[in-house]
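Residue numbers start at 1 and run along the sequence shown. The structure presented is a predicted model; accordingly, all values stated were derived computationally and were not measured.
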Amino acid sequence: MEKLRIMSVFGTRPEAIKMAPLVRELAGRADIASLCCVTAQHRQMLDSVLEVFSLTPDRDLDIMTPRQTLSTITAKCLTGMDAAVEELQPDMILVHGDTSTTFAGALSAFYHKVPVGHVEAGLRTYDKYSPYPEEMNRKLVTAIADLYFCPTENNRQNLLREGVTEGLFVTGNTVIDALQTTVRKDYVFAADSLNRLPWDSKKIVLVTCHRRENYGQPMEDIMTALADIARTHRDVELVYPVHLSPVVQECARRNLGDIENVHLIAPLAADEMHNLMARCYLALTDSGGLQEEAPALGKPVLVLRRETERPEAVEAGTVKLAGVERDAIADMAHTLLTDSAAYQAMARAVNPYGDGRACRRIADAILWHFGRGDRPEDFRA
């Protein structure tokens, strides 16, 4: 019996972190030929993840251009995928989450009549412009996909309410699998500035902020809140790996560049970021992945958004929505920095996103779909 040709498609740093352990799991299965196609929607940040996980793509579309638009990303992904699908002849294409690469990869698979597996399926805010364009990307992929790998039961319920009843699996989130590879107690940072941080004497606060829907006044307000936190709490050091977007770079440097206890640094490799997260005191972020990763490491998270498609973390108490208003963000951070009971209540809450076996369940589900194994049991938090 020939091996199943399963092609994983991704193009951004967050996608790569979550798909890399799955690519490796698939490669270890006797019945599967694990193929990898990257679009390089984010070239530099993607490459760092490929290096950490020792992955060499079978096809690299290399689409990234300066100041690229959503339209150019989608069009170049779609046309580039034509050749990759025709050459590699996959039996199934796996896409992840909600990026433009995700949507274009799924659409290309549909055009070639190749089944689609959607990793991290079923997340919803029910506002098509927030997050933008991610919410619409994932809804469009739902309409195309054949298998749905839902991180949580809540995600599965979202899809059931939309009329999706076949091919649903609750797997946990693959990012928890990734952390098992990257986080180590004896880790030494490649960036020496991180090794020199006063880990024992000060509270290290990790910051990320980059989402398109926060561009403009929301991002200005977030940055001024971060400045307030740094100036008010001299026992705190804010570490902010600044996204390469020119909009984000300019806003961060204008508002935070001259504050002594704020460290604006270059984006970090996946292992650097995960180990920084593991050692920090608190995370402030508008990222999706950090809402899953930090709680798994016992770190409270304040989400710099008005809503989240990850309500499980809010319900579990590992995450709080801080919004995008200057005073609210500063006040919530102040509470966690000064009230040990409030901090411990979040730090000790149970992470609802996985047990480190999501990739195993996904591989088993794919084999089951093709009649080569048993259906895996669903993950239960």
Side-chain angles (χ1 to χ4, degrees), residues 4-26 32 34-42 46 49-50 55 57-61 63 70 73-86 88-124 131 133-151 155 158-159 164 167-169 171 173-175 177-178 288-289 309 358-359 361-363 365-366 369-370:
L4 296 169
R5 298 175 65 78
I6 308 300
M7 185 168 82
S8 300
V9 178
F10 51 91
T12 69
R13 178 182 180 277
E15 284 176 291
I17 291 169
K18 293 181 174 185
M19 288 295 274
L22 179 55
V23 173
R24 290 170 61 169
E25 173 71 26
L26 295 172
I32 293 176
S34 181
L35 307 170
C36 179
C37 173
V38 299
T39 67
Q41 179 179 332
H42 293 169
L46 171 72
V49 180
L50 296 176
L55 291 183
D58 296 280
R59 290 293 180 276
D60 187 334
L61 307 186
I63 70 162
L70 295 175
I73 292 170
T74 303
K76 291 178 77 174
C77 283
L78 196 56
T79 54
M81 281 287 294
D82 278 343
V85 174
E86 288 167 7
L88 296 176
Q89 293 291 302
D91 296 299
M92 175 171 278
I93 289 175
L94 302 180
V95 296
H96 181 279
D98 51 26
T99 70
S100 297
T101 287
T102 309
F103 169 53
L107 186 58
S108 176
F110 169 70
Y111 286 163
H112 290 86
K113 297 185 178 181
V114 177
V116 173
H118 189 194
V119 180
E120 199 174 273
L123 279 68
R124 294 291 188 268
E134 289 86 354
E135 177 73 2
M136 187 51 66
N137 283 339
R138 54 192 170 221
K139 292 185 77 171
L140 293 166
V141 173
T142 293
I144 295 171
D146 300 273
L147 299 183
Y148 304 85
F149 305 118
C150 306
N155 304 145
N158 288 343
L159 294 176
V164 179
L168 294 166
F169 302 85
T171 61
N173 198 298
T174 59
V175 77
D177 301 36
E309 56 280 271
C359 295
R361 292 187 184 94
I362 293 170
I366 292 169
H369 175 77
F370 285 99

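Residue I17 holds its CD1 atom at 10.0 Å from CG of L46, rounded to the nearest 0.5 Å. Atom CD of E25 is separated from atom CD1 of I32 by 8.5 Å, given to the nearest 0.5 angstrom. R13 contributes atom CZ, which lies 11.5 Å from atom NZ of K18 (distance to the nearest 0.5 angstrom). Once rounded to the nearest 0.5 Å, the distance linking CD1 of I93 with CD1 of I144 reads 11.0 Å. With rounding to the nearest 0.5 angstrom, the CD1 atom of I63 is 10.5 Å from the CG atom of L78.
For the pair T39/F10, no side-chain contact is recorded, criterion being any heavy-atom separation below 4.5 Å from C-beta on. N173 has its side chain within reach of E120: a pair of non-hydrogen atoms, C-beta onward, lies under 4.5 Å apart. D98 has its side chain out of reach of L123: every pair of non-hydrogen atoms, C-beta onward, lies at least 4.5 Å apart. Considering only heavy atoms from C-beta on, V95 stays 4.5 Å or farther from T101 through its side chain. At a threshold of 4.5 Å between non-hydrogen side-chain atoms, the residues T74 and L107 do not count as touching.
Contact between S100 and N137 at its shortest, heavy atoms only, is N-ND2, 3.4 Å. Of all heavy-atom pairs spanning M81 and C37, the tightest one is SD-SG, 4.0 Å. Residues L168 and C150 approach most closely at CD2-SG, 4.3 Å, considering heavy atoms. For the residue pair D60 and A40, the shortest heavy atom distance occurs at OD1-CB, 3.9 Å.
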Please tabulate, for the side chains in residues 109-116, all donor-acceptor contacts under 3.5 angstrom to protein atoms that are two or more places apart in sequence or on a different chain.
from, atom 1, to, atom 2, distance (Å)
H112, ND1, S108, O, 2.8

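Distance alone, capped at 3.5 Å, places no donor-acceptor pair between the H118 side chain and the H96 backbone. Looking at S8, its side chain never comes within 3.5 Å of a backbone N or O of C36 through a donor-acceptor pair. Put simply, the side chain of T174 never gets that close to the backbone of M19: no donor and acceptor are under 3.5 Å apart. Judged purely by atom type and a 3.5 angstrom limit, R5 has no side-chain atom pairing as donor or acceptor with the backbone of L35. No donor-acceptor pair closer than 3.5 Å links the side chain of D177 to the backbone N or O of P21.
Take F149 and apply the ring pair (Phe, Tyr, Trp, His ring centres under 6.0 Å) test, not counting sequence neighbours, and it matches F169. Shown here are the side-chain hydrogen bond (donor to acceptor under 3.5 Å, both in side chains) partners of E309, two or more places apart in sequence or in another chain: R138, R305. In terms of the side-chain contact (heavy atoms from CB on, under 4.5 Å) criterion, residue partners of N158 (sequence neighbours excluded) are, by chain and number, R124, Y126, N154, N155, R161. Every residue two or more places apart in sequence or in another chain that forms a side-chain contact (heavy atoms from CB on, under 4.5 Å) with R24 is listed here: F53, L55, T181. With sequence neighbours left out, L140 forms a side-chain contact (heavy atoms from CB on, under 4.5 Å) with F103, M136.
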Verdict with reasoning, E15 to V49, per side chain to side chain contact (heavy atoms under 4.5 Å, CB included): CA-CA 10 Å; E15 284 176 291; V49 180; over 6 Å; no
Go through L26 and I6 one step at a time and tell me if the side chain to side chain contact (heavy atoms under 4.5 Å, CB included) criterion holds. CA-CA 8 Å; L26 295 172; I6 308 300; 4.0 Å; yes
